[in-house]
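For reference, positions follow the sequence shown, starting with 1. Only a predicted model underlies this, so the values are computations on that prediction, with no experimental measurement involved. Counting starts at 1 for both ligands and their atoms, following the listed order.
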Amino acid sequence: MSLIPLKKMKKINISGSQLAVSDQGSGDVVVFVHGFPFDHRMWQPVISRLSVQGFRCVAPDLRGFGQSDFTEGVVSIERFAEDIAAILESLRIEEPIILCGLSMGGYISLQFAKKFPKRLKTLVLCDTKTAADSPEAAENRRRTADSLPQDGLGPLVEGMIPKVLCEKTLKEKPQLLAALKEQMLSHHPLGVAAAARGMAERRDSSDILAALDCPVWVLCGDQDAISPPAEMQAMAETAKTSRFALIADSGHLAPLENPEQWTSEFLEFYGTL
Ligand code: MLT
């Protein structure tokens, strides 16, 4: 079972790699950047609501995930950000966008904001952080990446599931859990390894956030164990203009665990633009 029946995605050729993109609705452009190791489907409950309310929702499968091609070795956060820019160019999206990234998607969105500040109308940071990995965390990630070709994605996924969903979701939403696992297991291990190595080498981006001139919206699951609410709130306060919302009954994947509240907070923030 999938989180949604997969719609046919557009395929965009970026220097020889085919990247898959979901493009639904019309209106103000919102680009959704997924976390690790997910794909565009983690946004689908939010996209199905916003795409009928005047938004064009663009959600790529990042290089190495979902239906996109993978690149072996290391895919840096900068490279992912350049892929987003190339996707926008290919879709002929020239107006400033609302860029919305969760966790790894947040790292990529911050990097995009640094490289292409004029392309941003608003930055939405979900369940993410500006801090780089500690040396130990980076080393662990590299070890995990090196183990993936041999061990496959199973051990990584089993270890992550209890950290990304809150207890209520784990207990009460078995179908969501099964679909999420299937999604996490569906990628090529070499693509996931390359992204893990890219995250391990990323730099702290708190200076990028502090320098941004566009509004920043920060949304966080109230039980997020990976990017805890207190840390995210403190991060929000470092931006020049920010709004912060806690999403109830949610862990690290708030847009998936509580899409109703997530969407209504998004719409409320949008009303302030
Ligand atoms: C994610 O959800 O993208 C991951 O938790 C990011 C990370 O491992 O730092």
Side-chain angles (χ1 to χ4, degrees), residues 3 31-44 46 59-66 68 74-81 83-84 99-112 124-148 153 155-166 169-170 176-177 180-181 183-187 189 191-206 209 218-221 223-229 231-232 235 247 250-257 262:
L3 266 175
V31 177
F32 293 94
V33 189
H34 63 77
F36 172 96
F38 310 107
D39 61 37
H40 80 286
R41 287 175 288 177
M42 61 147 286
W43 292 110
Q44 195 55 35
V46 161
D61 281 350
L62 295 168
R63 187 180 289 277
F65 298 88
S68 290
V74 187
V75 176
S76 67
I77 297 297
E78 287 82 355
R79 175 85 186 270
F80 283 124
D83 282 345
I84 304 282
L99 180 62
C100 178
L102 184 137
S103 203
M104 178 180 76
Y107 314 155
I108 296 166
S109 300
L110 281 158
Q111 206 42 240
F112 182 97
V124 189
L125 295 174
C126 313
D127 303 281
T128 190
K129 56 179 99 149
T130 49
D133 282 355
S134 66
E136 299 74 35
E139 195 41 47
N140 277 340
R141 262 201 225 275
R142 291 195 187 95
R143 256 201 303 277
T144 302
D146 292 345
S147 75
L148 290 176
L153 295 169
L156 172 72
V157 171
E158 287 308 321
M160 280 193 80
I161 286 282
K163 295 188 197 143
V164 297
L165 298 175
C166 74
T169 308
L170 284 167
L176 185 152
L177 174 60
L180 187 69
K181 263 194 200 177
Q183 184 185 131
M184 293 168 85
L185 289 166
S186 69
H187 321 297
V192 174
R197 293 190 190 100
M199 284 195 289
E201 68 177 32
R202 80 187 190 281
R203 283 190 288 272
D204 183 285
S205 46
S206 42
L209 182 59
V218 178
L219 295 107
C220 180
Q223 293 149 62
D224 188 340
I226 298 178
S227 318
E231 284 177 23
M232 283 208 75
M235 181 187 85
I247 309 299
S250 303
H252 191 54
L253 296 182
L256 186 61
E257 296 179 81
W262 195 98

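- In terms of the side-chain contact (heavy atoms from CB on, under 4.5 Å) criterion, residue partners of Ala254 (sequence neighbours excluded) are, by chain and number, Asp127, Ile247, Ser250, Trp262.
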With the criterion set at N/O pairs under 3.5 Å, what does the list of contacts between the protein and ligand 1 look like, atom names and distances included?
from: ligand 1; atom 1: 2 (O); to: Phe36; atom 2: O; distance (Å): 3.4
from: ligand 1; atom 1: 2 (O); to: Ser103; atom 2: OG; distance (Å): 3.1
from: ligand 1; atom 1: 2 (O); to: His252; atom 2: NE2; distance (Å): 3.0
from: ligand 1; atom 1: 3 (O); to: Phe36; atom 2: N; distance (Å): 2.7
from: ligand 1; atom 1: 3 (O); to: Ser103; atom 2: OG; distance (Å): 3.2
from: ligand 1; atom 1: 3 (O); to: Met104; atom 2: N; distance (Å): 2.9
from: ligand 1; atom 1: 5 (O); to: Ser103; atom 2: OG; distance (Å): 3.2
from: ligand 1; atom 1: 5 (O); to: His252; atom 2: NE2; distance (Å): 3.2
from: ligand 1; atom 1: 8 (O); to: Arg141; atom 2: NH1; distance (Å): 2.8
from: ligand 1; atom 1: 8 (O); to: Arg141; atom 2: NH2; distance (Å): 3.4
from: ligand 1; atom 1: 9 (O); to: Tyr107; atom 2: OH; distance (Å): 2.6
from: ligand 1; atom 1: 9 (O); to: Arg141; atom 2: NH2; distance (Å): 2.7

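- Ion pairing between Glu78 and Arg202 fails under the 4.0 Å rule for side-chain N and carboxylate O.
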Give the intermediate values and the outcome of side-chain contact (heavy atoms from CB on, under 4.5 Å) for residues Phe112 and Val31. CA-CA 12 Å; Phe112 182 97; Val31 177; over 6 Å; no
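- Qualifying salt bridge (Lys or Arg N to Asp or Glu O under 4.0 Å) partners for Asp39, counting only residues two or more places apart in sequence or in other chains: Arg41.
- Using a 4.5 Å heavy-atom cutoff, the side chains of Trp43 and His34 are in contact.
- With sequence neighbours excluded, the residues satisfying salt bridge (Lys or Arg N to Asp or Glu O under 4.0 Å) with Asp146 are Arg197.
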